[in-house]
Each structure stands twice: as structure tokens, then as C-alpha cells.
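For reference, the structure is listed below as C-alpha cells.
Keep in mind that the numbers below use all heavy atoms, side chains included, and drop hydrogens, waters and symmetry copies. No experiment lies behind these values; they were computed from the predicted model shown. Counting convention: from 1, in listed order, for ligands and their atoms alike.
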Amino acid sequence: MNTVYFSAEFESSASDPYHCPSSLVEVAFAGRSNAGKSSAINAITRNGKLARTSKTPGRTQLINHFSLKNDRYLVDLPGYGYAQVSKSQQKKWQAAMTQYLVSRDSLQGLILVMDIRHPLTDSDWQLIELQQRGHAGLHILLTKSDKLSKNQIAKSLSSVQSKLSKADIEATLQDFSALKKQGIEDVHSILDQWLFDIPLPE
Ligand SMILES: Nc1nc2c(ncn2[C@@H]2O[C@H](COP(=O)(O)OP(=O)(O)O)[C@@H](O)[C@H]2O)c(=O)[nH]1
Ligand SMILES: [Mg+2]
């Protein structure tokens with residue numbers, strides 16, 4: 001087990017990609033508001049207070065950087081798909097996400113967090129399209145798996161996998177539960193690959 005994730009520390013909040021810290025290597029987490037993104041980050045870092053979790057959706061509208069060692073970062077992206085967000089805010093989110101996902105050189109991978117009961121909404125697809133335009137890899141967490149039976153989890157995994165394949169999207173996929181602390185090791189090994197197995201830029 002790589003314990004580096006347990007020492008993650010909050011570094012900065014930015015309202016847009018231009019104000020993000022310069023980073024050598026980072027992996028970002030994205031997902032609909034209330035999907036369970038902050039809870040996933042907290043479970044992965046064993047820090048219940050790192051990314052704020054909330055029962056009220058739509059609160060985190062900033063790009064939050066959490067530092068690991070050697071200029072490696074985990075990044076919490078603003079949530080999306082929250083009905084009460086205005087059109088102009090939606091446009092702003094879209095512009096920021098396009099800039100970040102398509103153009104950020106340090107971005108190695110995107111972890112898309114989706115509620116296992118409501119995967120692949122329109123806004124999830126929108127994000128996948130942006131990821132496809134950039135160079136980062138894609139890993140999908142189907143979270144809140146504690147809400148489903150083993151059988152239902154298997155069905156959801158294969159349904160999402162087949163929709164991605166049909167759309168010609170290359171991604172790795174797993175179920176996850178922040179509540180039951182399930183799937184954490186699998187995320188760690190993806191992060192290990194993306195953050196630490198790559199040659200350092202000169
Ligand atoms: N049952 C269950 N609830 C979860 C899980 N992860 C998050 N939640 C709940 O879902 C709500 C939204 O979680 P949060 O992490 O704040 O979502 P975010 O908006 O995507 O960051 C909170 O009430 C969490 O307690 C999980 O794995 N299982
Ligand atoms: Mg959150």
C-alpha cells in the first residue's frame with residue numbers, strides 16, 4: 001500500500017484553471033454534485049475532513065488542489081448538474097472545465113465519480129467528451145455501491161462498460177463505497193500508475 005495518499009494536504013482553491021498552482025503531475029476527480037466525490041476523496045486519503053462533504057449539493061464550485069509529495073496533486077473539480085445553478089454559472093463551469101480538461105499539461109488522469117444508481121447522465125457524457133479531447137486517462141468510480149446488492153452492482157458495471165465500449169471510450173471501471181471503505185486499494189493502484197509511474201518531465 002502506498003501511504004502517500006494519507007498525507008494529502010489542502011493547497012489552494014481556484015475559481016478557474018488560470019489560477020491553479022503550477023503542478024508537475026496531477027489527477028483530478030469530477031462528478032455530479034452529490035455523486036459522492038468529496039466522500040471518495042476523503043476515503044482515499046483517509047482524511048474525513050480533507051474535501052468537504054455535504055448533504056446540500058452544489059456547494060463546491062472551486063478547483064481544489066491537495067498536495068502529495070514531489071509536486072504531485074489530487075484535484076477536486078467543481079460539481080455539476082445541479083438544477084438550481086443559473087445558465088451563466090453553467091456556462092462558466094463549462095468554459096473552466098474545457099480549459100482544464102483539454103489543456104492542462106500536468107493532468108495525467110481523470111477519475112469520474114458517479115452514483116452507481118444513476119450513472120452516465122448527460123453532464124457525465126459532456127465531461128467524458130472533454131476528457132477525450134485532452135490527453136488524460138479515464139477511470140470511473142461507481143460509488144455508493146453499499147446501496148445495491150452484489151448482483152445489481154455487477155449489472156451496473158457491465159451496463160456502464162458496454163455503453164462506454166459502444167461510444168468507443170477507453171476507461172477502467174470499478175465499484176466503490178466511501179461508506180463501507182470498499183474499492184480504495186483499486187483507486188490507489190490507478191493513482192500510483194498515473195502519479196508515480198511516469199517519467200518526470202525535464
Ligand atoms: N451510502 C453512501 N452514501 C454516500 C457515499 N458517498 C457519499 N455519500 C453521501 O452522499 C452525499 C453527497 O456526498 P458528497 O461526498 O458530499 O458528494 P459530492 O457533492 O459529489 O462531493 C452525502 O450525504 C454523503 O454522505 C457512499 O459511498 N455510500
Ligand atoms: Mg463535494
Below 4.0 angstrom from a heavy atom of [X], which ligand 1 atoms are there? Numbered from 1 as shown, please.
X      : value
Arg32  : 20 (O)
Ser177 : 27 (O)
Lys147 : 1 (N)
Gly36  : 7 (C), 13 (O), 14 (P), 15 (O), 17 (O), 18 (P), 20 (O)
Ser38  : 15 (O), 18 (P), 21 (O)
Lys37  : 15 (O), 17 (O), 18 (P), 20 (O), 21 (O)
Leu179 : 1 (N), 26 (C), 27 (O), 28 (N)

Query raised in the report: Is it the side chain (CB and beyond), the backbone, both or neither of Thr143 that lies under 4.0 Å from ligand 1, heavy atoms counted?
Result: side chain
Report summary line: Honestly, for Asp146 the part within reach of ligand 1 (heavy atoms, under 4.0 Å) is side chain
Query raised in the report: Under 3.5 Å, is there a donor-acceptor pair linking the side chains of Asp192 and Tyr5?
Result: yes
Query raised in the report: Can you name the closest pair of heavy atoms from Arg104 and His135 and give their distance?
Result: O-CE1, 3.4 Å
Query raised in the report: Taking the six-membered ring where the residue is Trp, are the ring centres of His188 and Phe6 under 6.0 Å apart?
Result: yes
Taking a cutoff of less than 4.0 Å between a non-hydrogen atom of the residue and any ligand atom, is [X] in contact with ligand 1?
X      : value
Ser33  : yes
Lys180 : no
Gly31  : no

Query raised in the report: Do Asn64 and Ser12 have side chains that get closer than 4.5 Å, going by heavy atoms?
Result: no
Query - Nitrogen or oxygen of Phe176 less than 3.5 angstrom from that of ligand 1 - result: no
Could you measure the distance from the [atom1] atom of [X] to the [atom2] atom of [Y]? Nearest 0.5 Å is fine.
X      : Y      : atom1 : atom2 : result
Gln108 : Tyr73  : CD    : OH    : 14.5 Å
Ser156 : Asp115 : OG    : CG    : 9.0 Å
Met97  : Glu129 : CE    : CD    : 15.5 Å

Query raised in the report: Under the side-chain contact (heavy atoms from CB on, under 4.5 Å) criterion, do Asp175 and Thr143 qualify, and how do the steps go?
Result: CA-CA 6 Å; Asp175 57 299; Thr143 192; over 6 Å; no
Query raised in the report: Is the number of heavy atoms from other residues, nucleotides or ligands under 6.0 Å of Gln152 CD greater than 12?
Result: yes
Query raised in the report: Closer than 2.8 Å to the Mg ion (ligand 2), do we get an N, O or S atom from Ser38, backbone or side chain?
Result: yes
**Report entry** Lys NZ or Arg CZ of Arg32 over Tyr80 ring: under 6.0 Å, within 45°
**Finding:** no
Report task. Out of Gly183, Ser39, Ala40, indicate the one that has the non-hydrogen atom closest to atom 6 (N) of ligand 1. Result -> Ser39
